[in-house]
Amino acid sequence: MHITEALPVILLSLIEIALVSAGVWFVAQRLEAMYSDRPDQQFRKQMILVAIVLVAILTIILILPVSPATRGSLMSLFGIVLSATIALSSTNLVGNIMAGIMLRTVGSFKLGDYIHVGEFFGRVSEMDLLHTEIQTEERDLTTLPNSYLAAHPVRVMRTSGSILSVELSLGYDVSRHTIERLLLEAAKSCELESPFVQIRHLGDYSITYAIAGLLTDVKSLLGKRRALRAATIDVLHANGIEIASPVLASTRNFKTNHQFLANEAAPQSNGDDGGDAVTPDSLVFDKALQAEGLDKLRERREVLIKQIGELKLTVPDGAEEGTESQPAMQESLQRAERRLARLDEVIARREAEIANSE
């Protein structure tokens, strides 16, 4: 084909490509504006963009002014490239996308949940198409690829409650019945439900005990764990039982009946020593708590929007002009719209707080 004959075809192809690209850009901008105030739905936005790009490529191939044989070759090339991308990138980009879809489909955990995967433990603070972010006990933010979560067992702490336990080793010279009674007192002082004592190991020189109980308020995990450990120390020391290894060695000389106890009297612990307004959990898992609260606010917003939609359908159809019921329903609609406006302000403020805290 001569260059003068091919030039119109090339120009037409460039115009078609430019129009399709402009359409994709316009849709991407609209999606960005639509989901700008809904960070929890970024996963959906990204999936929509991926689908739009693939459809745009297919559209360009179909509308190109080329022969059917050339178009068939381009479609085959597109299929090969797409298949090769999925095959070669399955452990990276596409692998994380597929894992993200699987995690969302299974729904084993959500924002704010405690999860333990591999060597990582923390509260979920962000969930995206490619990664999941958790906030650890050091208050740091750890980003885990979704493929890592899909390839490793994920242990999720149940929101209805979890077993909290503390282990310690004591010598055979102390009565087992006495130890179990005191450990149960420590667990009850921390308000753990259904406490129980386990004998984990019978060693050559000591017995390993574990005091455990049901913690129903999992959001206070760090504080309650610290309180249980403190209560265990206090109740044993208050009753003259030292927590020291029977094979304790020291370069200093002690009397035979010397006990390794604190010098001051150990008061009975009530499970709440500090009384501080800021708890360890609220300080450590601040972003995860904010993300969980924001997610709940968005759920309330969706419910409220649905209610407003139902009221808008009911007001004109369910009551005739001049009836007593119509003003009441209109007032209910106005109240719901005011609540929605206030809720939008709260959501925007919470989103700004989370963005500024990072």
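Count residues from 1 along the sequence. What you see is a predicted model, and the numbers here were worked out from it, not measured in a lab.
- Using modelled atom types, one side-chain atom of Asn96 and one backbone atom of Ser147 make a donor-acceptor pair closer than 3.5 Å.
- Surrounding CE of Met98 are at most 12 heavy atoms belonging to other residues, nucleotides or ligands under 6.0 Å away.
- Distance check, rounded to the nearest 0.5 Å: CD of Glu126 to CG of Leu141 gives 8.5 Å.
- No option in Leu214, Leu228, Ile211, Thr216 other than Leu228 meets the side-chain contact (heavy atoms from CB on, under 4.5 Å) test with Leu192.
- Among residues at least two apart or in separate chains, there is no salt bridge (Lys or Arg N to Asp or Glu O under 4.0 Å) pair with a member in residues 147-161.
- Side-chain atoms of Arg104 come within 3.5 Å of backbone N or O of Met127 as a donor-acceptor pair.
- In terms of heavy atoms, Ala186 sits closest to Val235 at CB-CG1, 3.8 Å.
- Panel note: side chain Lys224, backbone Leu215; no donor-acceptor pair is recorded below 3.5 Å.
- By the 30° and 60° cut-offs, the orientation of the rings of Phe121 relative to His116 is perpendicular.
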Test log, rule salt bridge (Lys or Arg N to Asp or Glu O under 4.0 Å), inputs Glu337 and Arg342: CA-CA 9 Å; Glu337 290 176 341; Arg342 290 195 297 268; over 6 Å; no
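- Residues passing the side chain to side chain donor-acceptor pair (under 3.5 Å) test with Thr208 are Ser169, sequence neighbours excluded.
- Judged by distance alone, the side chains of Ser125 and Gln135 never bring a donor and an acceptor atom under 3.5 Å apart.
- Side-chain N/O atoms of Asn146 and Thr132 include a donor and acceptor closer than 3.5 Å.
- No side-chain donor-acceptor contact under 3.5 Å links Tyr209 to the backbone of Gln198.
- A donor-acceptor pair under 3.5 Å links the side-chain atoms of Ser220 to the main chain of Asp217, judged by distance alone.
- Checking side-chain atoms of Thr178 against main-chain N and O of Val174 turns up no donor-acceptor pair under 3.5 Å.
- Put simply, Ile199 and Leu184 are part of the same group of oily side chains (I, L, V, M, F, W, Y) that touch within less than 4.5 Å, one to the next.
- Contacts of Ser332 classified as side chain to side chain donor-acceptor pair (under 3.5 Å), with partners at least two apart in sequence or in another chain: Arg335.
- Within a 6.0 Å radius of CZ in Arg300, no more than 12 heavy atoms belonging to other residues, nucleotides or ligands are found.
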